[in-house]
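Heads up, the thing below is written out as structure tokens.
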Amino acid sequence: MFRSIVMVKQVPDTANISGSVMKEDGTVNRSKLPAIFNNEDRVALEFALQVKDKFGGTVTAITMGPQRASDILRECLYMGADSVYLISDRKFAGADTLATSYVLSEAIKKTGEYDLVFAGRQAIDGDTAQVGPQTAEKLNLPQVTYVEEILEMTDTHAKIRRKIDGGYEIVKAKFPFLLTVLKDAAEPRPFSAKRVMAYKGAKSLMDLEKLTEGNSLLYTDTLRHEYEEKNLFIPTLTMDELKLDADRCGIKGSPTKVHKVDSVILGGGNHIMVEPTREGLEKLIDQLLADHIFG
Amino acid sequence: MKKKNEIWVFIEVRNGKPADVSLELLSKGYKLAATTGSTLKSIVIGEKVRHIAEESFSYGVSESILVEAPELKYFRTLPYARILNALIVERRPRIVLFGATVIGRDIAPRVASFTKSGLTADCTDLQISDVKYLNQEYKELLLQIRPAFGGNIIATIITPDTETQMATVREGVMESHKIDNPNPVVIETIPFIKADEDDLVEVVEQHYEENKVNLKAAPVIVSGGYGLGTKENFKLVEELAHTLGGEVAGSRAAVDAGFIISERQVGQTGVTVRPKLYIAIGISGAIQHRAGMQEAKKIIAINSDPDAPIFGVSHYGIVGDATTIIPKFIEVYKSKLK
């Protein structure tokens with residue numbers, strides 16, 4: 001029996017971004033970008049579910065984010081998570097990894113006992129790979145990053161294969177610990193149709209607030225009660241509920257500041273055109289030989 | 001308390017040798033230290049690594065801090081982080097630099113969390129400058145420059161209010177060079193104190209792949225992209241690389257298409273290279289790719305699309321069909337060597 005917690009993140013799809021989606025303070029205007037489930041976090045959830053399939057236990061997914069982050073929590077439920085938590089508060093906005101790991105570590109403490117904490121190695125919006133290790137530090141847990149495979153598990157230890165530069169290593173880690181997994185470590189399972197039917201109506205507190213906005217006939221508290229009865233309420237933890245230090249949250253608790261943002265500009269284009277003919281190539285190769293470019 | 005004006009570089013030991021990125025950071029640190037009048041120090045942790053501490057003086061350090069113990073043979077997060085945490089809290093250097101490697105990206109965030117330091121990951125450049133931020137003047141801040149959001153943006157990050165500024169830096173983006181008149185070797189040895197927590201994670205075994213691809217050291221790289229169309233056509237890229245005595249590489253799209261293994265991927269999510277000659281064939285030149293090769297001394301682009309962005313970073317451009325140009329290139333090159 002293993003109690004697993006999985007940290008997941010909703011991220012802007014960074015495939016196509018230009019300066020036009022940046023706000024003046026240098027942070028990203030996320031509302032302008034399509035939001036997706038960070039792929040390595042989905043792999044982390046798959047790892048946790050595999051541990052549960054093999055050894056029994058529970059899987060709890062948590063995310064810190066705005067209201068719409070409940071999308072990925074529903075996806076966690078579709079894949080097989082037993083419970084999910086949305087950690088959300090306006091005061092969390094603008095958090096760097098230090099502030100984020102503070103909030104997440106406090107939220108994890110609140111969700112109860114655990115044996116394993118999983119996360120993706122990094123999220124595609126920042127690519128920092130910092131939240132995992134920083135959460136581990138704050139929970140006083142050992143960390144095993146860059147995990148490729150869990151080779152075996154006993155009641156007390158796990159044997160893990162992890163990537164290192166230039167190769168790999170096998171480590172033996174004692175529970176509890178935190179691990180971050182690589183993208184190719186597992187193939188996330190598809191949604192279970194049965195679970196989609198069961199949980200597609202699951203709503204967080206913020207989702208319910210949105211429903212009641214501008215509708216005088218609906219009350220959030222009543223709705224919340226109804227959703228709790230139906231087991232469709234996604235528990236939502238705010239700064240006050242977690243009794244957090246406001247100075248360590250959001251932009252206030254973030255030591256890293258964006259000083260300047262430059263859009264990448266294409267190079268000058270002062271290249272010499274070479275004709276794709278024998279003569280053209282001869283001239284080019286003569287020049288390169290004269291410049292000692294071939295070594 | 002007066003702030004210590006020190007720049008520290010964590011020297012990563014890989015298979016008994018200092019990692020290239022650590023030497024690159026020493027050379028960068030040497031330059032930064034010169035602009036601010038700081039003291040550059042190397043931090044060396046491991047088993048029998050005194051020679052590495054000594055070697056760091058060739059790259060300009062004024063002092064080295066050495067922690068040696070048999071228990072430190074393999075990098076393990078907890079004991080290594082504990083050593084750095086204690087040193088940083090006690091001495092509060094202004095700047096601590098790590099390679100953006102597996103080890104650097106494992107330990108730096110943990111140490112930043114403990115010491116409540118600002119940390120920027122995967123920097124591609126570092127500078128020192130006075131900065132005005134939110135109507136406040138800051139002297140000699142570390143500008144931590146990195147691509148963000150898929151490489152479309154270059155962000156300059158500062159950590160104005162933390163005593164220690166930390167950054168991890170990508171391997172290969174800076175150059176290492178030995179200095180002419182190194183300082184005399186001064187090594188401060190710090191004893192290692194064991195703790196129960198150290199054995200929570202044990203290294204059972206390590207495997208380094210022999211003959212691993214070393215694109216970074218290759219003077220000539222011939223790189224192919226999705227534009228080659230088929231794996232068969234991609235063989236021409238390999239043939240040209242072979243003829244020129246260079247290494248073959250590819251873009252992300254070529255790796256995704258199965259033309260080439262991911263170890264040979266050049267670009268933001270692959271390797272950063274700076275060869276003497278880089279030939280890009282059938283590569284459109286997305287920002288992510290250019291980030292990994294634009295520092296090459298000479299770049300030749302071969303592409304059928306005259307508007308491909310790759311030409312913007314090239315020194316020589318050839319517009320046309322790669323499958324006819326490559327054989328011609330090989331033929332002409334061979335005739336010149338005769």
Side-chain angles (χ1 to χ4, degrees), chain A residues 14-15 17-19 22 26 28 97-98 101 125 127-130 133-134 136-138 142-146 159 163-174 177 255-264 266-269 271-274 276 278 281-282 284-286 288-289 293-295, chain B residues 14 77-78 101-102 105-106 109-110 112-114 118-122 131 133 143 149-150 152-162 200-209 212 219-220 244-245 276-277 287 294 298 309 311-320 325 328-329 332-333 336:
Chain A
T14 51
I17 293 187
S18 67
M22 304 295 283
V28 171
T97 63
L98 205 68
S101 60
D125 53 348
D127 286 330
T128 71
Q130 288 174 189
Q134 296 192 322
E137 192 279 323
K138 292 184 171 74
Q143 70 196 42
V144 182
T145 55
Y146 286 78
K159 225 177 184 183
K163 180 185 143 98
I164 54 176
D165 282 298
Y168 67 91
E169 67 180 13
I170 312 283
V171 300
K172 198 175 143 197
K174 191 169 186 292
F177 62 91
T256 56
K257 313 286 181 197
V258 178
H259 170 52
K260 204 166 65 130
V261 171
D262 300 306
S263 291
V264 173
L266 299 183
H271 58 282
I272 299 162
M273 286 312 295
V274 176
R278 173 175 286 275
L281 291 171
E282 272 190 19
L284 169 65
I285 288 167
D286 283 341
L288 293 173
L289 286 169
I293 289 299
F294 288 117
Chain B
R14 208 181 284 173
T77 314
L78 292 181
T101 57
V102 174
R105 296 171 105 234
D106 181 89
R110 187 144 186 139
S113 177
F114 184 88
L119 168 65
T120 304
D122 291 8
V131 169
Y133 182 77
L143 305 186
F149 303 101
N152 295 279
I153 278 161
I154 301 293
T156 303
I157 311 288
I158 50 171
T159 47
D161 298 316
T162 59
L200 294 175
V201 178
E202 293 167 68
V203 176
V204 181
E205 55 192 77
Q206 278 189 340
H207 297 267
Y208 286 93
E209 277 136 35
K212 77 171 181 102
V220 175
L244 301 178
K276 274 167 92 175
L277 176 63
I287 282 159
Q294 60 196 3
K298 285 278 182 275
F311 290 119
V313 291
S314 300
H315 303 91
Y316 299 98
I318 310 174
V319 177
I325 295 172
K328 231 180 272 173
F329 197 112
V332 173
Y333 179 76
K336 294 282 172 193

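Lettering of chains follows the sequences in order, A, B, ..., and the numbering in each one begins at 1. Any value given below was found using the heavy atoms of this structure, including those in side chains, with hydrogens, waters and symmetry copies removed.
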Contacting region of B:D122 [heavy-atom separation from chain A under 4.5 Å]: side chain
Side chain / backbone / both / neither for B:L78 at chain A, heavy atoms under 4.5 Å: side chain
Taking [options] one by one, which has the highest count of heavy-atom pairs under 4.5 Å against chain A?
options                        : answer
B:D106, B:V131, B:V201         : B:D106
B:K328, B:H207, B:H315, B:Q294 : B:H207
B:L143, B:I158, B:T120         : B:I158

From CD (B:E205) to CD1 (A:I170), nearest 0.5 Å: 5.0 Å
Spacing of CG belonging to A:L98 relative to CG belonging to B:L119, to within rounding of 0.5 Å: 9.0 Å
Crowding at NZ, B:K336 (>12 non-hydrogen neighbours, <6.0 Å): yes
Between [X] and chain B, which part of the residue has a heavy atom less than 4.5 Å away: side chain, backbone, both or neither?
X      : value
A:Y146 : side chain
A:L284 : side chain
A:L281 : both

Find the one option among [options] whose heavy-atom pairs under 4.5 Å with chain B are most numerous.
options                        : answer
A:Q143, A:K163, A:K138, A:K159 : A:Q143
A:D286, A:L288, A:L289         : A:D286
A:P142, A:A129, A:S101         : A:P142

Under 3.5 Å donor-acceptor, A:Q134 side chain and B:P109 backbone: yes
side-chain contact (heavy atoms from CB on, under 4.5 Å) between A:V258 and B:I157, intermediate numbers included: CA-CA 5 Å; A:V258 178; B:I157 311 288; 4.0 Å; yes
Side chains of [X] and [Y], heavy atoms from C-beta outward: is any pair under 4.5 Å?
X      : Y      : result
B:R105 : A:T145 : no
A:K174 : B:E202 : no
B:V319 : A:P276 : no
A:V171 : B:V204 : no

Tell me the closest heavy-atom pair linking [X] and [Y], and the distance in Å.
X      : Y      : value
B:V332 : A:I285 : CG1-CD1, 3.7 Å
A:H271 : B:F311 : ND1-O, 3.0 Å
B:L244 : A:F294 : CD2-CE2, 3.7 Å

Residues which pass ring pair (Phe, Tyr, Trp, His ring centres under 6.0 Å) with B:F114, listed by chain and number, not counting sequence neighbours: none
